[in-house]
Amino acid sequence: MSSSSFCFESVLSLILKDQPLSDALKHYGYGTAGFRFKASIMDGLMVRVGLLSILLLLETPSSEDMGIMITASHNDESYNGVKLARPDGSMLTPSQEDFLTAWVNENDAEKWKRLLEDKTESLRTNQPCSDSERTLHLGRDTRIHSPHLSLLCCQGAQACVDALAVNSNVRILDHGVLTTPMLHHIVLHSNPQYLPSYITPRPSRNGYIQTFAEAYVYLMKHGESVGGGTTINALYVDGACGVGHQAVKELTLAIQDLLEENDGQSGSLIGTVISAHNGPGDGPLNLDCGSEHVQKQLLPPIWYDGTPTTTLDYCCALDGDADRIVFFGQDTASPSTVSKGDEDGDVETPKGQLTHLLDGDKIAILIAHVLKEKLNDVPDGSPTMGIVQTAYANGASTKYVESTLNLPVKVAKTGVKHLHHAAVENFDIGIYFEANGHGTVVFSKAFEEFAIKQQQNCNNSFFVKLHQLINPAVGDALCDMLLVDFLLKSALGGWTLQQWNDMYQDLPSRMLKVKVQDRSIIRCNDNETECIEPDTVQPLLQQAMSTVNQGRTFIRPSGTEDVVRVYAEAATREEADTLAALAAQIVYDTCNGVGDRPSASSF
């Protein structure tokens, strides 16, 4: 038996016998969130993902790196997940997702052996003398099972490296605990050909911290206001009891050091005092805290390390892996109570009420508002700019962008990968956020040339520094936190959350779910704003919309269960609820609903 055949047999034994794929599910699908399931069934999956990641890495051009992030984001502690990052820091292409999904679910030993043999032959033919090194970067969040799953992923990756005899060409680098955006930053900065000339490659955790701290400090020190308001002093950060908490602390220290280094004085004189709360161990991950809780439940988080006794005017909440953020204000004068689980059972914990909630739509429009003002001061030839939304974006936000800001809006299919693609394809400055606070700004080559000319010919470094402050690869809660703070405190001269919120008022909305026998009978158009099949549904929805003021509703099938999601908005709360009930009834009646027929009295 040849050495390669022996290694192939070793790989086959690993994935089919030693660490087989759990039979808890019939099929494991890779979606926008990657593979995400209960951690208890993921051992065999992780080994296969590690192995297949090496195959994808070897398909990249010479010397390009890729990455793997182990996290389940906003889900509770019992879940975990894994997703890959391409060399430019972006998410996988559809064909790469299909490849991963097909082979993760494959249990035929002969097919696996042929895959490895074909890859070995391809390497001999296409890269016979290649000595270029590629690196597979790994990161993980703070979940208790993440270290174990990371080791299994590395085991699968190393088994593939050994089997293909590419030990001298492939490195597996485990960075330990990272936020998801940190992993994407490291991958992007490890492939500097994808960076503009004015961003220095810094492919490490500390490089991430320094990159964004430096850009923030520069903008805060050199910012020119386009508005006016009341100074904001402190920002309270809810870290969701996850990985973002420590990163906020490191970022805050780096900002303070830079300010003191430049001025020999306390950083708080210029930068906002950032106060990090809810770290790992303070409370259960994502339970009654974090961006998902604040945005969906419309409640402040539990501050597990001590409930504030005063009203908090300026707060933000991250999610479990720090790629989402929402801003809010909290009034503790009129506390409500929520159930908090602990070792002794449920106890009642006092909480305040939200005074404001600024979600992803509000963040996108704040960014666009300031950039529009900045671009208005630039002579002809400024880059194009627009906002990408999903059908879930509140209609009031779309109207504000189109009518007040006079900017184009593109509506993309739900899922951040679809928004990212639409932003890149349509605009030089593409701003995209989902309502849940996941989003970023992407920049074209034309923008990069524009920013360099502004810096060199007009002594205007704003656009260069803005690009340096933004993580273009993926939604990044920490970058978005610093960006919003700069926009409010410096660019807008000290806006409060109230002033930000007053830009426009959201229409009341309602989201429902309807159980159906088979969700596959429902098909929507590309951006999910209309139902195509069954063909009787959309006319009925149009008729329902006409019965209320400013009515808008759409439906879309769930990607994971036999459920249809319904969204409705209208001029008043009563009308929004009425429209949602009508739409849910239409789905139930025309799409083989299961259980009780929906009614307005159900909410």
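Residues: numbered from 1 along the sequence shown. We use all heavy atoms of the structure for the numbers below, so side chains are in, but hydrogens, waters and symmetry mates are not.
Contact record, Ser190 with Pro203: OG-CB, 3.3 Å, taken as the closest heavy-atom pair. Considering every non-hydrogen atom in both Leu318 and Val248, the closest pair reads CD1-CG2, 3.9 Å. The minimum heavy-atom distance linking Asp359 with Ala435 is given by the pair CB-O, 3.2 Å. Taking all atoms of both residues into account, the shortest heavy-atom contact from Val187 to Gly89 is CG1-N, 4.3 Å. Among all heavy-atom pairs drawn from Ala276 and Lys249, the shortest one is CB-CG, 4.0 Å. In terms of heavy atoms, Pro87 sits closest to Asn191 at O-ND2, 2.9 Å.
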Query raised in the report: Given Cys153 and Val47, is the side-chain contact (heavy atoms from CB on, under 4.5 Å) satisfied, shown in steps?
Result: CA-CA 5 Å; Cys153 194; Val47 173; over 6 Å; no
Requested in this report: Evaluate the criterion side-chain contact (heavy atoms from CB on, under 4.5 Å) for residue pair Thr60 and Arg134; output intermediate values, then yes/no.
Outcome: CA-CA 9 Å; Thr60 65; Arg134 297 175 173 87; 3.4 Å; yes
Query raised in the report: Hey, mind stepping through His189 and Tyr208 against ring-ring contact (aromatic ring centres under 6.0 Å, His included) and telling me if it holds?
Result: CA-CA 9 Å; His189 282 238; Tyr208 169 96; 8.9 Å; no
Report task. Run the numbers on Val587 and Val516 for side-chain contact (heavy atoms from CB on, under 4.5 Å), then give the verdict. Result -> CA-CA 8 Å; Val587 171; Val516 294; 4.2 Å; yes
Report task. Check the pair Leu138 / Leu173 against side-chain contact (heavy atoms from CB on, under 4.5 Å), numbers first and verdict last. Result -> CA-CA 6 Å; Leu138 272 78; Leu173 181 56; over 6 Å; no
Requested in this report: Determine, step by step, whether Asp43 and Ser22 satisfy the side chain to side chain donor-acceptor pair (under 3.5 Å) criterion, reporting the C-alpha distance in whole Å, the side-chain angles of both residues, the deciding distance to 0.1 Å, and the verdict.
Outcome: CA-CA 8 Å; Asp43 282 14; Ser22 170; over 6 Å; no
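For the pair Leu56 and Leu84, the minimum side-chain heavy-atom distance is below 4.5 Å. For the pair Asn525 and Thr529, the minimum side-chain heavy-atom distance is below 4.5 Å. Between Cys289 and Asn278 the shortest side-chain heavy-atom distance falls below 4.5 Å. A 4.5 Å side-chain heavy-atom check between Leu298 and Leu357 finds at least one atom pair inside the cut-off. Taking 4.5 Å as the limit, every side-chain heavy atom of Asp321 sits out of range of all side-chain heavy atoms of Thr179. Taking 4.5 Å as the limit, some side-chain heavy atom of Val177 sits within range of a side-chain heavy atom of Thr142. Residues Ser275 and Val237 are not in side-chain contact: their nearest non-hydrogen atoms beyond the backbone lie 4.5 Å or more apart. With contacts defined as side-chain heavy-atom distances shorter than 4.5 Å, the pair Glu533/Ile522 does not qualify.
Here Asn471 contributes atom CG and Thr211 contributes atom OG1; the two are 9.5 Å apart, rounded to the nearest 0.5 Å. Taken to the nearest 0.5 Å, the CD1 atom of Ile363 stands 6.0 Å off from the CD1 atom of Ile325. Within the model, atoms CD1 of Ile186 and CZ of Arg202 stand 13.5 Å from one another, a figure rounded to the nearest 0.5 Å. Annotation: the span from Tyr392 atom OH to Thr414 atom OG1 amounts to 5.5 Å, rounded to 0.5 Å. Atom-to-atom distance recorded for Leu25:CG and Ile41:CD1 is 4.0 Å, nearest 0.5 angstrom. We find the CZ-NE2 distance between Arg86 and His184 to be 12.0 Å, quoted to the nearest 0.5 Å.
Judged purely by atom type and a 3.5 angstrom limit, Arg48 uses its side chain to pair as donor or acceptor with the backbone of Ile15. Between the side chain of Gln158 and the backbone N or O of Gln155, no donor-acceptor pair lies under 3.5 Å. Distance alone, capped at 3.5 Å, places no donor-acceptor pair between the Asp162 side chain and the Ala159 backbone.
Counting non-hydrogen atoms of other residues, nucleotides and ligands closer than 6.0 Å to NZ of Lys38 gives a total above 12. Applying the 6.0 Å contact sphere to CG of Asp526 captures no more than 12 heavy atoms from other residues, nucleotides or ligands. Sparse packing is recorded around CD1 of Ile144, with 12 or fewer heavy atoms of other residues, nucleotides or ligands lying under 6.0 Å away. Heavy atoms of other residues, nucleotides or ligands lying less than 6.0 angstrom from CG of Asp596 number 12 at most. When the shell of 6.0 Å around NZ of Lys296 is examined, it contains more than 12 heavy atoms from other residues, nucleotides or ligands. Atom NZ of Lys413 is surrounded by 12 or fewer heavy atoms from other residues, nucleotides or ligands within 6.0 Å.
Checked by atom type, the side-chain pair Asn206/Ser204 shows no donor-acceptor distance below 3.5 Å. Judged purely by distance below 3.5 Å, without hydrogens or angles, the side chains of Thr101 and Asn105 never pair a donor atom with an acceptor atom. Under the 3.5 Å distance criterion, with hydrogens and angles disregarded, a donor-acceptor pair is assigned to the side chains of His277 and Asp305. A donor atom on one side chain and an acceptor atom on the other are found under 3.5 Å apart for Ser397 and Gln389. Of the N and O atoms on the side chains of Arg36 and Asn75, at least one donor lies less than 3.5 Å from an acceptor on the other residue. In summary, the side chains of Gln585 and Asp589 do not present any donor paired with an acceptor at a separation below 3.5 Å, with no hydrogens or angles considered. For the residue pair Tyr567 / Glu569, a side-chain donor-acceptor distance below 3.5 Å is found, with atom types taken as modelled. There is no side-chain donor-acceptor pair under 3.5 Å between His74 and Asn286.
Here Glu561 does not pair with Lys515 in a salt bridge; the nearest charged N to carboxylate O distance is not below 4.0 Å. Using a cutoff of 4.0 Å between basic side-chain nitrogens and carboxylate oxygens, Glu528 and Arg556 are scored as salt-bridged. Using a 4.0 Å cut-off between a side-chain N of Lys or Arg and a carboxylate O of Asp or Glu, Lys113 and Glu9 qualify as a salt bridge. In summary, Glu97 and Lys417 engage in a salt bridge, as defined by a charged side-chain N under 4.0 Å from a carboxylate O. Between Asp480 and Arg324 there is no salt bridge, since no side-chain N of the basic residue sits under 4.0 Å from a carboxylate O of the acidic one.
Between Trp103 and the options Trp112, Tyr30, Tyr28, a ring-ring contact (aromatic ring centres under 6.0 Å, His included) holds for only Trp112.
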Distance-only criterion, 3.5 Å: show the donor-acceptor pairs between side-chain atoms of residues 64-72 and protein atoms not counting sequence neighbours.
{"unit_1": "Glu64", "atom_1": "OE1", "unit_2": "Tyr194", "atom_2": "OH", "d": "3.4"}
{"unit_1": "Glu64", "atom_1": "OE2", "unit_2": "Gln193", "atom_2": "NE2", "d": "2.9"}
{"unit_1": "Glu64", "atom_1": "OE2", "unit_2": "Tyr194", "atom_2": "OH", "d": "2.8"}
{"unit_1": "Asp65", "atom_1": "OD1", "unit_2": "Thr135", "atom_2": "N", "d": "2.9"}
{"unit_1": "Asp65", "atom_1": "OD2", "unit_2": "His137", "atom_2": "NE2", "d": "3.0"}
{"unit_1": "Thr71", "atom_1": "OG1", "unit_2": "Ser73", "atom_2": "N", "d": "3.0"}
{"unit_1": "Thr71", "atom_1": "OG1", "unit_2": "Asp141", "atom_2": "OD2", "d": "2.9"}

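For His438 and Phe433, the distance between ring centers is not under 6.0 angstrom. Side-chain rings of Phe328 and His356 stay apart, their centers remaining 6.0 Å or farther from each other.
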